[in-house]
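Inspection log for the structure reproduced underneath, given as structure tokens.
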Amino acid sequence: MLQINYIREHKAEALERLKKRNIEVDKLFNKIIDKDDLRKDTQSKLDNFLSQSNQIAKEIGQYFKNGEKEKAEEAKIKTVELKQNSKSLTELLNKVSDELTDLLTQIPNLPHESVPSGNSANDNKTVSEEGNIPKLHENALPHWELAQKYDLIDFELGNKISGAGFPVYKGKGAKLQRALINYFLDKNTSAGYQEIQPPHLVNEASGFGTGQLPDKEGQMYHVTADNLYLIPTAEVPVTNMFRDVIVKSEDFPIKYTAYTPCFRREAGSYGKDVRGLNRLHQFDKVEIVQIQKPEQSYQTLDNMVEHVTQILRELELPFRILKLCGGDMSFTSALTYDMEVYSAAQERWLEVSSISNFESYQANRLKLRYKDENKKNVLCHTLNGSALALPRIVASLLENNQDEKGIRIPKVLVPYTGFKYINS
RNA sequence: GGAGAGAUGGCAGAGUGGUCGAAUGCGGUGGUCUUGAAAACCAUUGUACAGCAAUGUACCGGGGGUUCGAAUCCCUCUCUCUCCGCCA
């Protein structure tokens, strides 16, 4: 959520920056400012009435103390009108405040000045590309067939138990998952991220804090009996640890990492996009989250991209880094880098990490602040990224590392898997 | 699931209708003393909105009500704890 005072003071600049998302919000902005004017006006009128009421109440208290009953009764009459006015103004104020919040939540974050303009994924900018795209042998298979051939993942069994998009990992497939999780967590913790095991279900306030609610309501699994949501990413519980928190300046940098399963309804997805491991309802992911001072946040974003880059290099996967265009960025982000690995049998790039700086957009919803040098409370910046999402890494590993006889495990993973090669 | 207790400032913990934004203790910050530190003593110490400011208003789990006046009384929701039951 943008801050109302920012919109008031930097209206033209905000409008300009939002153009990168291809949205015109002139009218919405005017509505917001009008609404805020009304809010302020109502508030100060109400304060005035309340102030008078408080004054009279004190006087009445004094009269009773002094036994001046008649004076007290006289004063009571004066409050009747004040009370009525206060009541109707309170109702108006609540209504106006709610409407203002509704309007504000409709505005996405302002894109950073370096964000390219554009409508879709085609307009994203490739920042860098690294690694060699492997030449596969003639009978190379896509990962879903490899998974079946070597009995690593059973999609049919998952279908039976839960439904499409809930694969069952078996034997070396399951071990590979566990190996990747441990490897990622070890990389992250040795880079200074503290490991967290958060809840996998969150309440409504948490969903609102990081921006999944109300914007992406339909994307989360909702446990209606208890009004809880299955997390779509560890970002939600981890970032919400800091809801309503005022951190100390010396607490920075705040760095966390967490492995969790992620649950996504993915309503409306179909076709080759969802084949095999490409898009699932439940998948494993190791996330990194940072909370920073505003002046540090873009340096931090670069560090996070560099950190994930290192991991991809160690995994010996060909990858590229994209800077997302305004039209492709998520609602809450100010700047996002996507990391994609090449999956050689499918001959396509797969997103395995999305690293974003949300600036103060989430922090404003979370009421996450820190005390600056002048002891003023200032909104923090929040950032997060995957390090990394498992299924597409697995897809790419299987496809790229296959030969006629089996699949080679990258060196860094061997201590974690206990095997170098999958051939049976 | 059954029975009971509770939710107050960073923490602990008073406060059962009036000057209570809230005692007291601990913690934090600043200072005095000291070669330095500790101790002791003094002062200070919540958040938000409006306002240049003085100041005003709101907030004692959330929402609603009674009253001139609510942390305090009533209704309701949520959460926490204890005991019993069940159980990884």
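If you're wondering where the values come from, they're calculated on a predicted model, not measured in any experiment. Residue numbers start from 1 in every chain, and the chains themselves are labelled A, B, ... in the order their sequence lines are given, proteins ahead of strands.
- In this model, no donor atom of one side chain and acceptor atom of the other lie less than 3.5 Å apart for A:Ser44 and A:Asp47.
- No cation-pi contact links A:Arg178 to A:Tyr416, judged by a cut-off of 6.0 Å to the six-membered ring centre and 45° from its axis.
- With a 6.0 Å cutoff to the six-membered ring centre and a 45° limit on the axis angle, A:Lys293 does not count as a cation-pi contact of A:Phe252.
- When ring centroids are compared, A:His112 and A:Tyr298 come within the 6.0 Å threshold.
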Which protein N or O atoms sit under 3.5 Å from an N or O of nucleotides 59-67 of chain B?
none

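- The residue A:Lys71 sits apart from the nucleic acid: no heavy atom pair falls under 4.0 Å.
- Between the side chain of A:Glu399 and the backbone N or O of A:Ala345 there is at least one donor-acceptor pair closer than 3.5 Å.
- With rounding to whole Å, A:Asn66 atom CG is found 15 Å from B:U19 atom P.
- Scanning for side-chain contact (heavy atoms from CB on, under 4.5 Å) contacts around A:Pro232 gives A:Gln212, A:Met220, A:Val236, A:Arg264, with sequence neighbours left out.
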Give each protein N/O atom lying under 3.5 Å from an N/O atom of nucleotides 48-56 of chain B, with the pair distance.
{"unit_1": "B:A48", "atom_1": "OP1", "unit_2": "A:Arg369", "atom_2": "NH1", "d": "2.8"}
{"unit_1": "B:C49", "atom_1": "O3'", "unit_2": "A:Arg39", "atom_2": "NH2", "d": "3.1"}
{"unit_1": "B:C49", "atom_1": "O2'", "unit_2": "A:Arg39", "atom_2": "NH2", "d": "3.3"}
{"unit_1": "B:G56", "atom_1": "O3'", "unit_2": "A:Ser51", "atom_2": "OG", "d": "3.4"}
{"unit_1": "B:G56", "atom_1": "N2", "unit_2": "A:Asp47", "atom_2": "OD2", "d": "3.2"}

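- B:C68 sits 29 Å from B:G51 when the C1' atoms are compared, rounded to a whole Å.
- Within the 4.0 angstrom heavy-atom criterion, no nucleotide atom of any strand lies near A:Glu59.
- Using atom P as the reference point in both B:G10 and B:G61, the two lie 13 Å apart (nearest Å).
- For A:Ala57 and A:Ser53, each mapped to the nucleotide of RNA chain B holding its nearest heavy atom, the one lying further toward the 5' end belongs to A:Ala57.
- A straight line from CD of A:Gln62 to C1' of B:C68 spans 14 Å, rounded to a whole angstrom.
- For the C1' atoms, the distance linking B:A88 with B:G6 amounts to 29 Å, nearest Å.
- To the nearest whole angstrom, the two C1' atoms, one in B:A40 and one in B:A50, are 44 Å apart.
- Taking atom P on both nucleotides, B:G17 is separated from B:C74 by 12 Å, rounded to a whole Å.
- Residues satisfying the side chain to side chain donor-acceptor pair (under 3.5 Å) test with A:Lys95, not counting sequence neighbours, are none.
- Across all strands shown, A:Ile56 has no heavy atoms under 4.0 Å from either base or sugar-phosphate atoms.
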With both pairing distances under 3.5 angstrom for Watson-Crick or G-U wobble, and | for a partner in another strand, the correct string for RNA chain B is ((((((((.[[[..)..(.....]]]((((((.......))))))(((((....))))).[[[[[..)....]]]]])))))))....

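- Judged by a 6.0 Å distance limit and a 45° cone about the ring axis, A:Lys172 is positioned over the six-membered ring of A:Phe419.
- A donor-acceptor pair is defined here as one N or O able to donate and one able to accept, closer than 3.5 Å; no such pair exists between the side chain of A:Thr79 and the backbone of A:Ala75.
- Taking the six-membered ring for Trp and the full ring otherwise, A:Phe155 and A:Phe166 have centroids separated by 6.0 Å or more.
- The P atoms of B:U57 and B:U8 are separated by 26 Å, rounded to the nearest whole Å.
- Annotation: side chain to side chain donor-acceptor pair (under 3.5 Å) contacts of A:Tyr150 (sequence neighbours excluded): none.
- Mapping A:Gln55 and A:Thr79 onto RNA chain B by nearest heavy atom places A:Gln55 at the nucleotide closer to the 5' end.
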